S.K.: 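Encoded as structure tokens, here's the structure I'll be asking about.
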Amino acid sequence: MSEIANCILDVLPEVLSKVLNVNKESVKLLIESGKLRITSTPDPKLGDYGISLHVLLKTIEKDKWEDIGSVLSEELYTVTRDKCWVEKVNFINGYVNFTVNYFNMLEKLVDSFIKGNLREELTSIGKGTKVIVEHTSANPIHPLHIGSGRNSVLGDTYARLLRKLGFDVETRFYVNDLGRQVAILAYGVKVLESKNISRPKDFKPDHWYGVIYALTHIIIELSRLREEVNHELSKFLDLCANLCMNILSEERAESIPREMMFAICEITWKRNLKIEALRYARFLYTKLKQMKNMGSNDVFGLLLKTLENLKNKVKEYSEYVKAERRLALYYPDIYNALRSGIKDHKEAEVEISKLMSLAEKEDPNTVSLFRRISEDVLEGFKQTLQNINIYFDGFDFESSNEILNEAHNVVNELLKTNYVKIVEGGAVEVDLNAASKDHDYIKNLFRPDQAGRFIIRRSDGTTLYITRDIAYTLYKFRKLKAERVYNVIAIEQAREQKQLKAVLYMLGYSKEAENLHHFAYEMVHLKGMRMSGRRGIYYTLDEMLVDNKLLILQKLMEKERTPDVTKLANIAEKIAVANTRGVLLSVDPGKVLVFDPRKISEMEYGVIVEYAFVRAQGIIRNLWNLEFLDDQSEVLSEALELTKKIYKTDLSIEEKKLVESLARFKNILIESYNEMKPNKILEYAVSLSLDFNKFYEKHPIISERDESKKSLRILITILTLIALSELMDIMGFPKLRKM
RNA sequence: GGGCCCGUAGCCUAGCCAGGAUAGGGCGCCGGCCUUCGGAGCCGGAGGACCCGGGUUCAAAUCCCGGCGGGCCCGCCA
């Protein structure tokens with residue numbers, strides 16, 4: 001498309017200036033500014049590509065358009081016919097439309113795909129540039145869920161795309177093993193180990209630790225919330241006592257509903273008689289809400305606020321209770337051990353803080369405990385990811401000396417700049433507001449928002465996540481020799497990623513700052529369910545894969561009379577991988593992905609592509625008894641032979657559509673890379689598959705009697721096969737032979 | 001309070017940055033093709049306020065302004 005378009009645009013100024021009697025330069029300007037551009041027509045009957053000329057025609061009376069139009073199309077046809085593969089030019093209400101010669105287009109594709117310069121064309125984009133893609137990097141505290149799955153699939157697909165485009169790609173997983181969350185988990189593990197409970201061999205490690213983390217967190221939170229609820233409750237009871245004593249004696253008493261007065265006093269008088277204070281609280285809350293004007297004044301305002309706080313706390317409490325009950329039921333041993341081992345939240349907080357500071361001070365026992373846990377969980381991650389064809393070139397631990405030491409260096413280096421200082425209390429703060437006054441680069445990063453300030457070293461001398469992240473970024477550029485870095489990280493971290501760039505710039509690494517890219521993606525929401533790792537509520541990638549596999553297996557078995565279950569399960573698993581990756585890839589990274597597990601059977605992006613691929617292979621198999629996946633070079637040389645047998649002919653609508661679709665291949669890859677939107681690869685693969693299905697349905701291939709037509713169709717099939725194969729490489733889809 | 005992103009049929013989604021003709025797909029629904037290369041397919045159909053209101057323009061889903069609805073960010077958390 002683009003080559004044809006550029007070709008036409010090249011000759012356009014000359015012709016238009018001649019026919020319409022306008023300045024050639026101004027036409028060039030219109031093209032540059034995009035006012036004159038080539039688009040696909042809405043209907044192939046009109047032609048294939050068109051240009052709207054209304055900008056130029058608006059000064060001319062409408063009844064003269066037709067005459068001018070026919071002269072124009074004639075002129076355009078003579079200049080574009082040979083060099084731009086144009087077959088026909090016509091003028092329809094202000095548009096000049098071009099009909100493309102698809103036969104020539106097909107010849108061009110054969111040159112590229114089969115004679116073999118496609119690979120060079122693609123790899124010339126990356127030219128071996130060293131690129132680090134960091135992705136997934138989930139906290140090692142619970143299994144990967146579909147949120148982390150989106151990260152993994154986007155990251156892995158993008159990395160694969162970059163490789164295809166000739167970049168020297170290294171994928172890294174950053175292990176956040178120093179945070180509070182890992183410390184909570186470690187605390188829980190210590191409690192369990194003191195009670196001699198350890199992981200059964202068949203319990204997948206990430207899931208095992210996920211339960212421990214959730215239960216530990218829940219038990220601590222419940223203890224804290226109980227205290228807070230009681231605190232709010234006594235505040236509420238005190239207020240009631242006050243109200244009962246004072247307000248009722250004032251003249252205002254008249255304006256207060258009687259039932260409310262009674263309730264307030266009843267609460268007060270029964271305070272020490274084992275009452276259900278929460279019930280009264282709820283009653284008063286609804287009453288107060290109804291009396292809007294009452295809520296806004298003094299005492300009642302305070303009461304309403306207290307009740308609101310109470311309500312929120314109770315709600316949070318009951319959510320945790322629900323989560324606790326669920327996990328306690330399924331994992332009674334873990335629950336009992338933790339429940340009895342954790343006294344209250346205060347003690348737990350102390351223990352957790354102790355673990356955190358020991359880890360940061362590199363206490364050997366603590367570090368090895370954290371490492372052991374993280375590595376166990378990572379083992380689970382690797383299994384999961386391996387199932388969907390995702391592998392890493394390396395794992396980098398936040399707790400490594402390399403990162404920790406570098407983090408402290410970074411703080412010291414930054415202290416030498418004008419924008420970083422020790423603030424009251426002793427913490428070190430970076431003032432990006434000050435920095436952006438002097439440096440437009442920093443200002444523009446955050447614009448139109450304020451750049452803000454942030455702490456990079458606590459008053460106790462320990463570093464923070466961002467400090468270590470800065471160190472890690474430097475590590476990627478200096479140690480790993482990255483020329484460019486992509487961080488596949490949730491969009492919620494956009495601010496932190498900008499801070500990272502700003503600090504890099506301040507440290508004098510302006511080139512690195514420019515080459516650091518945040519590949520941002522939006523969250524995944526589960527329909528009708530709020531995922532929360534802390535409460536142990538998530539839809540894991542492992543489950544998703546199994547759910548998918550079961551559904552597909554069911555369908556496969558329905559089709560066969562005597563199903564070979566092992567064989568079919570194997571196929572089902574592969575399709576499940578394609579479908580799972582497909583769903584997670586299907587939506588623009590910038591948009592929230594809403595996922596409904598009940599509709600998993602409808603998410604069939606993977607299957608569509610697999611099916612087209614299998615079908616196309618079948619044709620080659622029947623034709624030459626060749627396996628495309630094993631005998632590619634034979635297939636290609638047979639294809640070359642075919643090119644000799646075809647002569648120029650018109651293509652059918654389906655053939656044209658498929659050829660046109662194939663011609664977009666290279667551009668799609670480049671677009672997808674430039675815009676950091678790997679979802680475009682899937683979208684394209686699906687539409688290519690659909691076009692192929694339609695082509696296949698309409699035309700006999702092997703049984704076609706006309707040798708030329710037959711050869712042409714086989715060629716188109718092979719081109720599709722090559723394109724799909726490449727696309728599946730990029731998307732990490734398994735390549736099925738049969739299904 | 002400040003900033004960013006999103007809003008397209010019952011559901012999901014592309015198009016928006018670089019405005020152009022009849023808004024492209026998928027799921028689901030209804031009706032056909034009981035299969036000459038594998039039917040997880042193909043053909044046809046119903047279903048649309050492109051969130052609302054203004055503006056710019058020959059032309060607005062697309063650009064600008066103002067709303068509404070949803071998500072996210074503004075920690076000595078990670």
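Here is how names work: the chains are called A, B, and so on, in the same order as the sequence lines, proteins then strands, and each is numbered from 1. Predicted model only: the values in this text are computed from it and were never measured.
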S.K.: Checking contacts here: which listed nucleotide (B/A21, B/G38, B/C11) is nearest the side-chain heavy atoms of A/Tyr696?
M.R.: B/G38

S.K.: Under the criterion salt bridge (Lys or Arg N to Asp or Glu O under 4.0 Å), I'd like the reasoning laid out for A/Asp48 against A/Lys656: C-alpha separation, chi angles, the key distance, then a yes or no.
M.R.: CA-CA 10 Å; A/Asp48 299 303; A/Lys656 280 183 185 173; 5.8 Å; no

S.K.: Base, sugar-phosphate, or nothing for A/Lys738, non-hydrogen atoms under 4.0 angstrom?
M.R.: base

S.K.: Can you tell me the distance, in whole Å, between the CG atom of A/Leu688 and the C1' atom of B/G24?
M.R.: 16 Å

S.K.: Counting side-chain heavy atoms from C-beta on, which of B/A14, B/A40, B/C42 comes nearest to A/Asn693?
M.R.: B/C42

S.K.: Which parts of residues 604-623 of chain A get close to RNA chain B, meaning a heavy atom less than 4.0 angstrom away?
M.R.: A/Val607, A/Tyr611, A/Arg615, A/Asn622

S.K.: Under a 3.5 Å cut-off for both contacts, is B/C29 paired Watson-Crick or G-U wobble with anything, and if yes, with which nucleotide?
M.R.: B/G45

S.K.: Parallel, tilted or perpendicular: which describes the rings of A/Trp65 and A/Phe91, with under 30° parallel and over 60° perpendicular?
M.R.: perpendicular

S.K.: Just to be sure I understand the rule, does A/Asn93 reach a base, reach only the sugar-phosphate, or reach nothing, if contact means heavy atoms closer than 4.0 Å?
M.R.: nothing

S.K.: May I ask you to decide if the ring planes of A/Phe613 and A/Phe628 are parallel, tilted or perpendicular, using 30° and 60° as cut-offs?
M.R.: perpendicular

S.K.: Any chance the side chains of A/Glu360 and A/Ser357 put a donor and an acceptor closer than 3.5 Å?
M.R.: no

S.K.: Verify the stacking flag for A/Tyr95 against B/A21: centroid separation must be under 5.5 angstrom and the ring planes must differ by under 30 degrees.
M.R.: yes

S.K.: Could you check A/Tyr539 against A/Asp547 for side-chain hydrogen bond (donor to acceptor under 3.5 Å, both in side chains), going step by step and ending with a plain yes or no?
M.R.: CA-CA 11 Å; A/Tyr539 187 52; A/Asp547 287 348; 2.5 Å; yes

S.K.: Taking for each residue the nucleotide of RNA chain B with the nearest heavy atom, is it A/Val686 or A/Ser703 whose nucleotide lies nearer the 5' end?
M.R.: A/Val686

S.K.: Between B/C12 and B/C50, how far apart are the C1' atoms? Round to whole Å, please.
M.R.: 15 Å

S.K.: Separation of A/Trp624 atom CH2 from B/C37 atom C1', in whole Å?
M.R.: 13 Å

S.K.: Would you kindly give the CD1-to-P distance between A/Ile701 and B/C37, to the nearest whole Å?
M.R.: 12 Å

S.K.: Could you walk me through whether A/His54 and A/Tyr95 pass ring-ring contact (aromatic ring centres under 6.0 Å, His included), step by step?
M.R.: CA-CA 8 Å; A/His54 301 85; A/Tyr95 296 86; 5.0 Å; yes

S.K.: With rounding to whole Å, what would you report as the distance between B/G70 and B/U57 at their P atoms?
M.R.: 35 Å

S.K.: Please encode protein proximity along nucleotides 60-78 of chain B as a string of B, S and -, counting only heavy-atom distances under 4.0 Å.
M.R.: ------------SS--BSB

S.K.: B/A40 base to A/Lys559 side chain: any donor-acceptor pair below 3.5 Å?
M.R.: yes

S.K.: Which whole number of Å gives the distance between the P atom of B/C68 and that of B/C52?
M.R.: 15 Å

S.K.: Remember a base hit wins even if backbone is also touched, and classify A/Thr41 as base, sugar-phosphate or nothing at under 4.0 Å, heavy atoms.
M.R.: base

S.K.: By the 4.0 Å heavy-atom rule, please label A/Leu690 as base, sugar-phosphate, or nothing.
M.R.: sugar-phosphate

S.K.: Please give the nucleotide sitting opposite B/G69 as a Watson-Crick or G-U wobble pair, both distances under 3.5 Å, or none.
M.R.: B/C6

S.K.: Nearest nucleotide by nearest heavy atom, which residue falls closer to the 5' end of RNA chain B, A/Arg737 or A/Lys677?
M.R.: A/Lys677

S.K.: What's the closest nucleotide to the A/Pro448 side chain, out of B/A14, B/C17, B/G3?
M.R.: B/G3

S.K.: What is the distance, rounded to the nearest whole Å, between atom CG of A/Leu658 and atom P of B/G41?
M.R.: 17 Å

S.K.: Where the side chain of A/Arg713 meets the backbone of A/Pro700, is there a donor-acceptor pair that is under 3.5 Å apart?
M.R.: yes

S.K.: Using atom CD of A/Glu697 as one end and atom P of B/G44 as the other, report the distance to the nearest whole Å.
M.R.: 12 Å

S.K.: Rounding to an integer number of Å, can you tell me how far A/Arg37 CZ sits from B/C17 P?
M.R.: 8 Å

S.K.: With both distances under 3.5 Å as the test, what is the Watson-Crick or G-U wobble partner of B/C17?
M.R.: none

S.K.: In terms of the angle between their ring planes, are A/Tyr174 and A/Tyr472 parallel, tilted or perpendicular, with boundaries placed at 30° and 60°?
M.R.: parallel

S.K.: Expressed in whole Å, how much space separates the P atoms belonging to B/G24 and B/G67?
M.R.: 34 Å

S.K.: Any base atoms under 4.0 Å from A/Gly452, or only sugar-phosphate, or nothing? Heavy atoms, all strands.
M.R.: nothing

S.K.: Kindly say if A/Lys591 contacts the phosphate of B/A14, meaning a side-chain N or O under 4.0 Å from OP1 or OP2.
M.R.: yes

S.K.: Looking only at atom P, what distance separates B/A21 and B/G31, rounded to whole Å?
M.R.: 35 Å

S.K.: A/Glu558 CD to B/A40 C1': how many Å, rounded?
M.R.: 11 Å

S.K.: Run the salt bridge (Lys or Arg N to Asp or Glu O under 4.0 Å) test on A/Glu351 and A/Lys354 for me, step by step, so that the C-alpha distance in whole Å, both residues' side-chain angles and the decisive distance to 0.1 Å come before the verdict.
M.R.: CA-CA 5 Å; A/Glu351 289 297 317; A/Lys354 215 191 282 171; 3.5 Å; yes

S.K.: Rounded to whole angstroms, how far apart are CE on A/Met739 and C1' on B/A40?
M.R.: 5 Å

S.K.: Hey, are A/Arg468 and A/Thr463 close enough side-chain-wise for a donor-acceptor pair under 3.5 Å?
M.R.: yes

S.K.: Can you check the distance between B/A60 and B/C16, where both ends of the measurement are the C1' atom (answer in whole Å)?
M.R.: 11 Å

S.K.: For B/G10 versus B/G47, give the span between their C1' atoms, rounded off to a whole number of Å.
M.R.: 9 Å

S.K.: Once you apply a heavy-atom cut-off of 4.0 Å, does A/Val182 come out as touching a base, just sugar-phosphate, or nothing?
M.R.: nothing

S.K.: How are the rings of A/Tyr213 and A/His217 set to each other: parallel, tilted or perpendicular (split at 30° and 60°)?
M.R.: parallel

S.K.: With a 3.5 angstrom cut-off on both distances, give the Watson-Crick or G-U wobble partner of B/G39, or none if there isn't one.
M.R.: none

S.K.: B/G71 and B/U35: how far apart are their C1' atoms, nearest whole angstrom?
M.R.: 48 Å

S.K.: Considering every strand shown, what is the Watson-Crick or G-U wobble mate of B/C76 when both distances are under 3.5 Å?
M.R.: none

S.K.: Of A/Ile51, A/Leu46, A/Val89, which meets side-chain contact (heavy atoms from CB on, under 4.5 Å) against A/Asn97?
M.R.: A/Leu46

